[in-house]
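Okay, so here's the structure we're looking at.
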Amino acid sequence: MNGPGWREPTLATLTDRRFSDEDWIFERKLDGVRAICVRDSGTPTLYSRNHKVMDNAYPEIVEALAAQGGPRFVADGEIVAFDGDDTSFAALQPRIHVSDPDRARATGVRVYYYLFDLLYYDEHDTTALPLRQRKALLRDAFDFEDPLRLSAHRNAEGEKFYEEACRRGWEGVIAKRADAPYHHGRSPDWLKFKCAQGQELVIGGFTDPQGARHGFGALLLGYHEDGGLKYAGKVGTGFDEKLLASLHAQLRKRETRSSPFAGPVKERGAHWVRPELVAQIDFSEWTRDGRLRHPRFAGLREDKKAADVVRERA
DNA sequence: CTTGCGAAGTCGTTCTCCTCA
DNA sequence: TGAGGAGAAC
DNA sequence: GACTTCGCAAG
């Protein structure tokens, strides 16, 4: 149980296919930090997705785990914080990298550990069991009292659940094959239905490429507000080599000496362009600082005038 | 030979921690 | 003391 | 977190 294999969580595969299927179960995608807890007779330990120990950041969760589950277990779940009724990565963020338990508690950020899978329990490796069976064992293995919670799931109506999730502003839905064993690493048995939002943004510049990248690194984006172009962050993914080349050519034609943005934009290797091109950007949400989170380029909008581009949603 | 899937490489924001002037 | 970079969450 | 590209195994 000490081998690194146990600490390798299942990673879901992103898909656009939405479906309902009785052989699949559906869970709300929580916006927090993935954690696998391992207890081998001593104190439980929380591991991150990349096998880093997170005990110092979440001491109350380690404490709660120590009080139950027996001498040996391995379970999988997500550590979250709430902003109102929604799990919020931003709310959790002040805690994530704290290296001292006292300081972690002193942040005042309440955290919860939602468990959704069981890998080892009662002297048995459970990874080969079908998911439904693992979930049944998990439900009985712990007393779910805060900060420990059992992640609920649905057995049907995946599409309806997805629509409901997006309407409520959740991150999305994870679909899991009900009879599949636990898989370490990326798996097609876990699918991610993400709720995305998108809008048009003006391209006001670009950055130099790095490494093997050609053309440019990222596009600098903005929207009109109070008579100026407000900076909204960068987008550096969504283009293949061909698109990189053609966009770069269009940008060079529009290059200018001074920034079109209102206020300073401090980006290394920045080039400025006349704010004429409009890009369609898909992203997960706006950050507190008015930047795009998880942005990806979804195409050029020839039908939109740059001057008409404003921010659409809070 | 074609297809599929996992790994690696290049990008995003933000937080804490560490280094250095 | 403060700026800037690295590392690590997503 | 996103995406694209690449290599290798399976078919």
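Note on naming: letters A, B, ... go to the chains in the order of the sequence lines (proteins, then strands), and numbering restarts at 1 for each one.
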Phosphate-side-chain proximity, R49(A) and dG1(D), N/O vs OP1/OP2 below 4.0 Å: yes
Centre of W272(A)'s six-membered ring, under 6.0 Å away, within 45 degrees of the axis: is that where NZ or CZ of R257(A) sits? no
Which whole-number value in Å describes the distance from I79(A) CD1 to dA8(C) C1'? 14 Å
Would the distance check show the side chain of E200(A) and the main-chain N or O of A279(A) forming a donor-acceptor pair, the cut-off being under 3.5 Å? no
Residue set satisfying side-chain hydrogen bond (donor to acceptor under 3.5 Å, both in side chains) with Y114(A), at least two apart, ordered chain then number -> R149(A)
Report the distance from atom CE of M54(A) to atom C1' of dT16(B), rounded to the nearest whole Å. 15 Å
Starting at atom NE2 of H183(A), determine the distance to atom P of dC5(B), rounded to an integer number of angstrom. 12 Å
Within 45° of the six-membered ring axis of F73(A) and under 6.0 Å from that ring's centre, is NZ or CZ of R39(A) located there? no
Expected output is a numbered-order residue list: members of residues 93-103 of chain A with a heavy atom under 4.0 Å from any atom of DNA chain C. What is it? I96(A), H97(A)
Tell me, please, whether F26(A) has R154(A) positioned over its six-membered ring: NZ or CZ under 6.0 Å from the ring centre and within 45 degrees of its axis? no
Mark yes or no for whether T126(A), through its side chain, and L129(A), through its backbone, hold a donor-acceptor pair below 3.5 Å. no
Quick check with a 6.0 Å cut-off and a 45 degree axis cone: is K266(A) positioned over the face of Y231(A)'s six-membered ring? no
Ring centroids only, cut at 6.0 angstrom: are H271(A) and F216(A) within range, meaning strictly under it? no
How far, in whole Å, is dG4(C) from dT4(D) if one measures between their P atoms? 33 Å
Using a 4.0 Å heavy-atom cut-off, does F283(A) contact any base of the nucleic acid, only the sugar-phosphate backbone, or nothing at all? nothing
E241(A) CD to dC11(B) P, straight-line distance once rounded to whole Å: 11 Å
Less than 3.5 Å apart, any donor N or O on the side chain of S20(A) or E157(A) sitting next to an acceptor on the other? no
Students often get this wrong, so: under 4.0 angstrom with heavy atoms, is L292(A) touching a base, only sugar-phosphate, or nothing? sugar-phosphate
Closest to the L14(A) side chain, choosing from dG12(B), dC10(C), dA2(D): dA2(D)
R103(A)-N56(A) side chain donor-acceptor pair, cut-off 3.5 Å: no
Separation between the C1' atoms of dG7(C) and dG1(D), rounded to whole Å: 16 Å
Where the side chain of K194(A) is defined as all heavy atoms beyond and including C-beta, which of dA9(C), dA2(D), dT5(D) is the nearest nucleotide? dA2(D)
N/O to N/O distances under 3.5 Å, protein versus nucleotides 7-10 of chain B:
{"residue": "dT10(B)", "atom": "OP1", "partner": "A212(A)", "partner atom": "N", "Å": "2.9"}
{"residue": "dT10(B)", "atom": "O3'", "partner": "Q210(A)", "partner atom": "O", "Å": "3.4"}

For dC3(D) and R296(A) - does any side-chain N or O of the residue sit under 4.0 Å from the phosphate oxygens OP1/OP2? yes
May I ask you to verify if any side-chain N or O of S48(A) is less than 4.0 angstrom from the OP1 or OP2 atom of dA9(C)? yes
Nearest-nucleotide check on DNA chain B, G233(A) vs T13(A); residue mapping nearer the 5' end is T13(A)
Go through it in stages, so that I can follow the logic: the residues are F82(A) and Y112(A), the test is ring pair (Phe, Tyr, Trp, His ring centres under 6.0 Å), and I'd like the CA-CA distance, side-chain angles, deciding distance and then a yes or no. CA-CA 9 Å; F82(A) 282 88; Y112(A) 303 87; 5.5 Å; yes
Between R95(A) (side chain only) and A57(A) (backbone N and O only), is there a donor and an acceptor less than 3.5 Å apart? yes
dC3(D) versus dG5(C) - spacing of their P atoms, nearest Å: 28 Å
So does K29(A) get a side-chain nitrogen or oxygen closer than 4.0 Å to the phosphate oxygens (OP1/OP2) of dC10(C)? no
Residues at least two apart in sequence or cross-chain that pass salt bridge (charged side-chain N to carboxylate O under 4.0 Å, His left out) with R296(A), listed by chain then number, are none
Can you check whether K192(A) has a side-chain N or O nearer than 4.0 Å to OP1 or OP2 of dG1(D)? yes
Candidates dG12(B), dA8(C), dC3(D) - which lies nearest the side chain of A218(A): dG12(B)
W6(A) and Y47(A): aromatic ring centres closer than 6.0 Å? no
R288(A) has an atom CZ; how far is it from atom C1' of dT13(B), in whole Å? 11 Å
If we count only N and O atoms by modelled type, under 3.5 Å, do the side chains of S88(A) and D86(A) hold a donor and an acceptor together? no
Ring centres of F283(A) and H294(A) under 6.0 Å apart? no
To the nearest angstrom, how far is Y58(A) atom OH from dT16(B) atom P? 12 Å
Sorted by number, residues from residues 264-278 of chain A placing a heavy atom under 4.0 Å from DNA chain B are none
Figure out the CZ/C1' separation between R293(A) and dG12(B), and round it to whole Å. 11 Å
Return the value, rounded to whole Å, for the distance between atom CH2 of W190(A) and atom P of dG6(B). 15 Å
Between the protein and nucleotides 7-10 of chain D, list every N/O to N/O distance that falls short of 3.5 Å.
none

For D282(A), report the nucleic acid contact type (base, sugar-phosphate, nothing); a contact means any heavy atom under 4.0 Å. nothing
